[in-house]
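We name chains A, B, ... by the order of the sequence lines, and we start the count at 1 in each one.
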There are 2 protein chains.
Amino acid sequence: MIEICLWNPDKDGVIRRSDRIPDTIPGISRFQQVVLHQGRIERFFLDFLASKSDIRVERGVLPTRLDWDESLAEDPDAYPVTVTLRHLSEAEATPPQVATSANGGAVQDGLFRSNLAPDDTAELLRAADLNDKADTTEVVRARYVVGADGAHSWVRRQLGFALEGETTDYIWGVLDIVPITDFPDIRMRCAIHSASSGSVMVIPRENKLVRLYIQLTTTEKAAAAADGGGESSRVDRSKITPDLILRAAQKIMAPYHISYRKLDWWTAYQIGQRVGSRFSKNERIFLAGDAVHTHSPKAGQGMNVSMQDAYNLGWKIASVVKGLSSRSILSTYELERKQIANALIEFDHKFSRLFSGRPARDIMDEEGISMEEFKNAFEKGNLFASGIAVDYQASNIVAKAVDPANGNDRGNAKLPSVASDGSLASQIKVGMRMPSVKVLSQADARPWHLQELLKSNGTWRVLLFAGDVGRPEQKAKLARMSDQLAAPDSFLTRYTPQGARYDSVIEVLTVHAGRRVDYTIFDFPEVLRPYDELDGWDYGKIFVDDQSYHEGHGRLYDTFGIDPAKGCVVVLRPDQYVSYMGALDDYASVDRFFSGFMIDQSAVNGKA
Amino acid sequence: MIEICLWNPDKDGVIRRSDRIPDTIPGISRFQQVVLHQGRIERFFLDFLASKSDIRVERGVLPTRLDWDESLAEDPDAYPVTVTLRHLSEAEATPPQVATSANGGAVQDGLFRSNLAPDDTAELLRAADLNDKADTTEVVRARYVVGADGAHSWVRRQLGFALEGETTDYIWGVLDIVPITDFPDIRMRCAIHSASSGSVMVIPRENKLVRLYIQLTTTEKAAAAADGGGESSRVDRSKITPDLILRAAQKIMAPYHISYRKLDWWTAYQIGQRVGSRFSKNERIFLAGDAVHTHSPKAGQGMNVSMQDAYNLGWKIASVVKGLSSRSILSTYELERKQIANALIEFDHKFSRLFSGRPARDIMDEEGISMEEFKNAFEKGNLFASGIAVDYQASNIVAKAVDPANGNDRGNAKLPSVASDGSLASQIKVGMRMPSVKVLSQADARPWHLQELLKSNGTWRVLLFAGDVGRPEQKAKLARMSDQLAAPDSFLTRYTPQGARYDSVIEVLTVHAGRRVDYTIFDFPEVLRPYDELDGWDYGKIFVDDQSYHEGHGRLYDTFGIDPAKGCVVVLRPDQYVSYMGALDDYASVDRFFSGFMIDQSAVNGKA
């Protein structure tokens with residue numbers, strides 16, 4: 001998806017292209033937006049898990065009981081949670097679909113996952129009760145549980161947490177088709193507002209497929225008055241068919257024609273926005289994804305924000321379970337992600353109102369929505385969707401000043417143990433993602449995007465921006481820092497378990513601003529390029545901000561606002577968010593930063 | 001591999017870095033040189049074959065007999081070749097290796113594939129004779145046979161063709177190790193000439209492995225004098241061990257130290273250059289790869305040139321076997337590839353002499369080699385290695401003037417049926433690969449490298465560089481060309497079998513020079529974006545030379561030297577070499593070009 005085309009009614013009420021905007025804001029990332037089916041993304045994760053571990057994802061398993069002992073919550077070695085699981089038969093685990101046929105072939109639909117469907121967990125369990133064969137049960141004792149079980153989250157209900165918000169009257173249908181159409185922008189992402197027939201969003205997909213989100217203005221609610229509210233305020237899903245959705249699209253997109261011979265999938269949903277009241281129970285049982293935030297799908301945020309929840313939480317739990325970090329870092333999950341969920345819901349509320357509303361006929365038409373406002377929301381939405389606007393609050397893993405605006409909602413989150421000096425790199429922001437440009441490996445001149453060096457493997461990183469190492473004072477500062485890093489009681493040594501690789505818990509990377517050809521890695525202290533008995537020296541730790549042969553010049557020092565005559569140290573979390581920034585030779589602050597939450601492994605070994 | 005470092009003796013005879021040159025010439029390609037193990041490349045091909053077809057590569061099969069009936073050679077439907085195949089047992093098919101151990105572990109070596117080993121095909125066959133179980137035989141009747149069976153090619157011997165050339169006295173060893181060394185450029189590609197101990201080439205590989213090519217100056221030939229030449233002029237391979245090779249490297253690389261704990265693979269070889277006298281028997285039995293050209297491995301050309309042989313030949317045979325092209329195109333294989341093989345051998349002869357020679361001590365040292373000459377050869381070698389310097393001769397599939405310098409060695413190759421007008425695009429050369437810059441898809445604004453659009457699927461391409469379609473005369477020329485392409489007797493129709501997809505034999509792609517936002521695909525004639533009953537219009541045929549949001553501006557018209565007020569037509573072979581260039585509205589010449597070798601499918605259908 002490269003470009004967004006906005007189509008609006010002209011003065012005669014005929015839709016015209018009124019604007020084009022880039023779908024990814026130029027310059028914000030080396031990646032651009034693409035559309036990937038959720039099934040494919042899940043497949044990437046599953047394949048990766050299978051290739052790297054013996055973890056297998058089980059499907060068709062439902063929890064039936066959750067017990068927990070709050071008195072054990074703060075004991076890091078305890079297993080305070082017990083979950084009883086029920087394995088379903090394949091028939092039970094396959095949700096019944098509404099039978100649909102199009103052009104004589106059966107078509108998959110997504111209604112069973114839509115919020116138009118009532119919660120069918122209880123029904124599935126009842127079905128399982130009647131099936132002796134499938135009725136096998138497993139009891140799992142757990143240190144931590146994550147409920148990523150969707151809008152109807154069973155885990156959330158066991159914890160008694162609410163999902164607060166509202167449902168709107170807006171009903172939308174979704175068609176995945178290979179369209180046959182003379183609408184010229186069908187391979188663009190389009191937002192089409194008709195004068196009075198509703199709106200369509202066009203999302204081009206692979207293999208000539210196009211996803212159309214189509215506003216349904218003719219659908220009546222099912223017997224809403226008859227049984228007085230509750231589930232009854234939902235639409236009658238039996239009345240929604242692909243034909244009905246297509247006819248709505250044809251009306252909105254007229255005078256252009258659209259039909260199809262290939263229908264791949266379809267669904268419908270009712271727009272609503274809800275946020276979870278709590279994201280965890282004592283930092284032992286967590287909720288993530290739709291279990292704590294639901295909204296309309298058009299902003300492209302459902303899977304993105306939910307994966308980011310899990311990405312935020314995953315390394316933290318792993319670090320605690322491995323005994324590397326104290327439990328105190330876990331409270332940052334709710335601190336960081338609830339703020340995002342609130343922002344998401346606020347954005348979606350505004351965006352879906354603008355998308356589902358009727359365009360204003362003129363400036364006096366106060367009920368109609370302003371197309372200028374819609375365009376602005378679209379552009380802002382794209383920045384939000386990119387994820388790079390995220391700015392996490394101060395905590396023991398984000399060393400910055402507490403924002404008074406967020407001061408009242410800190411939960412159990414700790415305060416930072418050190419202060420950063422943000423002036424040392426004006427374009428690196430503590431609490432935000434590390435920016436990236438290309439740097440060259442000193443050993444082989446190969447260009448790398450800085451972020452490529454920051455693998456998501458649970459490792460913390462200390463980036464030494466050494467500056468111009470041709471200046472004696474920079475060389476001296478780097479030498480001082482290196483001496484302390486190499487000392488037997490340095491944080492590198494204290495927090496790395498005996499026998500583990502030197503860069504497995506905290507990795508030190510150096511990026512200098514000298515000329516590449518004036519140096520080799522042997523001009524740098526050995527702690528910056530450690531020696532291994534089997535492999536020799538490490539060639540992958542020292543980088544330089546210089547011209548490459550084929551991929552330009554990253555100009556890191558300029559771009560990040562670092563003075564080559566000063567340099568700085570930046571500490572990055574395992575999820576590539578910036579934790580701390582300080583002077584190049586201020587070893588003590590970095591040591592104090594890690595001391596705020598990491599566990600001394602020599603003490604652990606001593607105990608054993 | 002990014003950079004080549006040249007190391008030479010200084011005036012005191014100590015090696016120093018004397019030069020750095022980029023390993024890929026900047027600007028010649030969007031790709032850069034990388035090192036991939038042959039096993040991995042074979043794996044990519046095997047995986048691709050398995051995913052796209054039911055073709056399976058059988059190993060451990062040897063030919064025992066080849067019969068052929070020359071009288072059937074020119075009958076396109078005949079099967080003139082009969083090959084008898086013998087299936088070996090796994091034990092037979094696994095060549096015996098010299099047992100090597102390093103640090104207590106067994107190590108694979110490559111001596112059995114080295115030219116130091118005598119041809120062991122006969123031995124393998126004898127072993128198979130003694131093994132009843134494995135002794136199954138298969139007789140294959142073939143229309144075409146390709147002998148890609150290496151320097152000792154059995155097929156070549158059956159045909160009685162010679163491999164002409166010479167063997168040198170230069171012996172080199174190869175070590176794939178994880179080096180432990182203070183040599184600072186071990187992760188660069190290096191050419192190290194010592195004062196008098198020989199030379200080393202360093203090729204950095206994956207996972208800290210490094211391949212070292214090491215000149216062996218101490219190895220004596222085995223009993224060369226004793227039995228007077230022949231196989232006896234080969235070195236005694238039993239005397240070559242990894243330790244001997246390492247010691248040679250240590251001497252060359254002193255005063256730096258090098259050792260290893262991990263040895264992955266090793267071999268040794270004697271440098272020689274040979275070219276096959278003939279590349280085919282009546283264009284029915286072909287030879288490719290080492291069967292027709294052998295040389296030293298250091299130029300990185302063995303697998304590259306051999307794969308290019310097969311790439312040149314593959315689509316031609318396929319096109320003939322499918323009944324799309326006449327057999328006349330097959331004679332271009334020898335015409336085109338023998339020229340390359342000769343150039344390769346000439347280069348390798350010079351390069352290996354320069355690499356194995358002793359550096360000149362000073363300008364008066366006439367026996368020593370000039371380091372300046374060596375550096376120039378290295379740079380020239382890189383251009384050759386890139387493959388883009390290839391310039392194929394005139395034939396019925398390369399419409400250009402015959403080069404008198406090559407006029408005497410045309411074999412059965414036909415002359416072009418039309419003449420190109422090379423002035424229409426000064427930077428597109430008939431006979432050479434199509435250059436590539438980025439263009440935007442008109443339908444979705446997505447940037448594509450032009451070459452990405454030219455899939456190697458056997459399809460010919462007609463590129464219509466329509467120029468600035470805002471000019472009425474350009475629009476008119478495009479309309480004229482389109483009308484003729486859409487006519488019922490056009491070459492598109494004549495050469496595409498009934499029922500085959502409209503773009504399966506010849507695909508028409510348009511690249512115009514207007515502003516993208518001023519057009520949609522519906523502004524272009526339908527033959528340039530054909531309609532399909534199931535899928536609607538084709539969105540992937542019309543492109544524009546314009547600014548992209550994220551990936552710059554290809555400036556195709558400027559870069560290729562095409563006047564937007566003129567445009568042109570370029571015809572590309574299925575292997576992306578340029579066949580023809582002419583005026584945008586000169587339909588007749590394009591039609592005549594294809595008529596020179598393609599088979600009218602309506603006539604074929606009429607016959608049936």
**Student:** CD1 of A:Ile186 to CH2 of B:Trp537: how many Å apart, nearest 0.5 Å?
**Tutor:** 11.5 Å
**Student:** For B:Pro26, which atoms come within 4.5 Å of any heavy atom of chain A: side chain, backbone, both, or neither?
**Tutor:** both
**Student:** If every non-hydrogen atom of A:Gln442 is compared with every non-hydrogen atom of B:Met188, which pair is closest and at what distance?
**Tutor:** O-CE, 4.5 Å
**Student:** More than 12 foreign heavy atoms under 6.0 Å from NZ of A:Lys475: is that the case here?
**Tutor:** no
**Student:** When you look at A:Lys262 and B:Asp535, which way does the salt bridge (charged side-chain N to carboxylate O under 4.0 Å, His left out) test go after all the steps?
**Tutor:** CA-CA 8 Å; A:Lys262 292 181 184 167; B:Asp535 281 359; 2.8 Å; yes
**Student:** Can you tell which part of A:Phe31 gets under 4.5 Å to a heavy atom of chain B, answering side chain, backbone, both or neither?
**Tutor:** neither
**Student:** With a 4.5 angstrom heavy-atom cut-off, is it the side chain or the backbone of A:Leu534 that approaches chain B, or both, or neither?
**Tutor:** both
**Student:** Taking every heavy-atom pair that is under 4.5 Å apart, which of A:Ile521, A:Asp182, A:Ile25 has the most such pairs with chain B?
**Tutor:** A:Asp182
**Student:** Is there a side-chain contact between A:Pro447 and B:Ile2 (heavy atoms, below 4.5 Å)?
**Tutor:** yes
**Student:** Could you tell me if the side chain of B:Asp444 sits less than 4.5 Å from the side chain of A:Arg189, heavy atoms only?
**Tutor:** no
**Student:** For residues A:Asp23 and B:Tyr549, determine if any side-chain heavy atom of one lies less than 4.5 Å from a side-chain heavy atom of the other.
**Tutor:** no
**Student:** Side chain, backbone, both or neither: which part of A:Phe522 has a heavy atom under 4.5 Å from chain B?
**Tutor:** side chain
**Student:** Flag the pair B:Glu3 and A:Arg446 as a salt bridge only when some basic side-chain nitrogen lies within less than 4.0 angstrom of an acidic carboxylate oxygen.
**Tutor:** no
**Student:** Please classify the contact between B:Ile21 and chain A as side chain, backbone, both or neither, with a heavy-atom cut-off of under 4.5 Å.
**Tutor:** backbone
**Student:** Measure B:Arg30 against the heavy atoms of chain A and call it side chain, backbone, both or neither at under 4.5 Å.
**Tutor:** neither
**Student:** Does any heavy atom of chain B fall under 4.5 Å from the side chain of A:Pro204, the backbone, both, or neither of them?
**Tutor:** neither
**Student:** At a heavy-atom separation under 4.5 Å, does A:Thr181 approach chain B through its side chain, its backbone, both, or neither?
**Tutor:** both
**Student:** Counting only non-hydrogen atoms closer than 4.5 Å, does B:Thr24 touch chain A with its backbone (N, CA, C, O), its side chain (CB onward), both, or neither?
**Tutor:** both
**Student:** Decide if atom CD of A:Glu533 counts as having more than 12 heavy atoms of other residues, nucleotides or ligands within a radius under 6.0 Å.
**Tutor:** no
**Student:** Heavy atoms only, distances under 4.5 angstrom: which of B:Thr520, B:Val178, B:Val517, B:Asp523 has the most pairs with chain A? Name it, please.
**Tutor:** B:Val517
**Student:** For A:His257, is the NE2 atom crowded, meaning more than 12 foreign heavy atoms sit under 6.0 Å from it?
**Tutor:** no
